[in-house]
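Quick notes on the structure that follows.
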Amino acid sequence: MVSAPIVALNQESAHHILTIAPPPTGLSLRGTIRIPGDKSISHRALMLGAIAEGETVVEGLLLGEDPRSTASCFQAMGANISALNSERVIIQGIALGKLQEPTDVLNAGNSGTTMRLMLGLLASQSGKFFTVTGDHSLRSRPMPRVIKPLQQMGAQIWGRQQNTLAPLAIQGQSLQPIHYQSPIASAQVKSCILLAGLMTDGQTTVTEPALSRDHSERMLQAFGAKLTIDPETHSVTIFGGAKLEGQTVIVPGDISSAAFWLVAASIVPDSNLLIENVGVNPTRTGILEALAQMGADIALENSRLVTGEPVADLRVKSSKLKACTLKGDIIPRLIDEIPVLAVAAAFAEGTTRIQDAAELRVKESDRLAVMAKELGKMGAKITEFADGLEIQGGFSLTGAEVDSDTDHRIAMSLSIAALQAKGESTIHRAEAAAISYPTFVETLKKICQS
Ligand code: S3P
């Protein structure tokens, strides 16, 4: 008798339905896997490659929808970027300040990073005019966080709803340096201002309340920009006027994608996975610390530095998880992993509390509301607060029909919950995973063993 597949994907319409049916005897997750390139680093490699002089070679680029949006925007402004059909991409840069005025609207798709970082560059292209839009989700995400500091630098930006939402129009100007005290710990805000600062005649400083991911700082320095960093005050200063030169960037695997397997192998009994080539930049490893606190069995092997970014292989084995409290400075270091951490919490003994995470409400979806609702459908005891979640763990989950709300991280987090739920789950609009992890279902099928 041929047993029914554990994982099946129905792609008959634009909305994919992922079915996950763990056998009644349970399954285990085993094998050695690689995850796609880091999304944040991929965006930055494409952007810096486009504004640097000479050739940039990117190895390990994420071939997801989000970096494709970045590539198409910069192609429309004159950068010569080789086809994104291989993880090795070559960019002939067009030099800082020489972006061409595009003949059409720039479309950032679902990608907040594309829109917000790019705005810093567009605002400083003197004499050129740009219009920028995005998909339904991105057109509802707040833009004042970047528009306001850019306006302080002299930028001219207009948008819907009193300059708060895309579509946006930008008339490039010569910008002034500023010292900006950001009210939120956001790498998108910080990076936008640093990129705008590149084109000013002076020093631009961004101070944030807690340290956010520092990939821009690392890569800008590698491309030849002059930066000073004060870790005590979470401040970065960029000196305008530098000449950027094309580089080779080797993109590590995305720890935010590895997070799904770290949680999956922790909660599914008798699992043992080796995840190779994962970026372990300390501004991103909050997930490892949170899972360690919860009693997960994760070991770092073969730690190394690859083109300025720390990388390691991660070995994860199943373990009995216990609840934890997550709040304060660790939040920006695991912000994208909170949906899957909520899944881990549902299977952990005790009550997990996640606080200071109101930013999740303005991601690709309102992740606090959507996780509470969708995980709730599987029987999780999860309560939503203004700035976080409380999850009473240790109760078994039941397979259910759930929906991604078109958010990639929600689609994948619910899939992980389904692996350890009783009975079949169907995840609607599972195609969202392709934003950051186009091969997610393939890897899921590969590691599931009954
Ligand atoms: C990102 C920064 C984070 C993160 C996003 C990617 C980046 O957003 O959630 O997925 O590449 O700079 P915020 O800067 O809004 O916190």
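The analysis underlying the following values was restricted to heavy atoms, covering all of them including side chains, and did not include hydrogens, waters or symmetry mates. Whatever order the structure lists ligands and atoms in, that order sets their numbers, starting from 1.
- For R213, every heavy-atom contact with ligand 1 shorter than 4.0 Å involves the side chain, none the backbone.
- Applying the side-chain contact (heavy atoms from CB on, under 4.5 Å) criterion to A155, with sequence neighbours excluded, gives A123, L150, I157, L175.
- Protein heavy atom nearest atom 8 (O) of ligand 1, with residue, atom name and distance: K363 NZ, 3.1 Å.
- Looking at A187 next to ligand 1, an N or O pair under 3.5 Å apart turns up.
- Residue, atom and distance of the protein heavy atom nearest to atom 10 (O) of ligand 1 are D336 OD2, 2.8 Å.
- For the side-chain contact (heavy atoms from CB on, under 4.5 Å) test with R367, the passing option among V362, L389, D336 is D336; the others fail.
- Using a 4.0 Å cut-off to heavy atoms of I335, the atoms of ligand 1 that qualify are 9 (O).
- Of the N and O atoms on the side chains of T207 and H234, not one donor lies less than 3.5 Å from an acceptor on the other residue.
- A donor-acceptor contact under 3.5 angstrom links the side chains of S365 and D407, judged on distance only.
- The closest protein non-hydrogen atom to atom 6 (C) of ligand 1 is T113 OG1, 3.5 Å.
- Polar contact with ligand 1: present for S40 (N/O pair, distance under 3.5 Å).
- The only option from R409, R284, K39 that meets the salt bridge (Lys or Arg N to Asp or Glu O under 4.0 Å) definition with D254 turns out to be R284.
- Scanning R44, H43, K39 for the heavy atom closest to atom 7 (C) of ligand 1 points to R44.
- Residue contacts with ligand 1: S186 is placed with a nitrogen or oxygen under 3.5 Å of a nitrogen or oxygen of the ligand (distance criterion only).
- Residues A417 and F347 come closest through the heavy atom pair O-CZ, 4.0 Å.
- Take Q92 and apply the side-chain contact (heavy atoms from CB on, under 4.5 Å) test, not counting sequence neighbours, and it matches E55, N80, I90.
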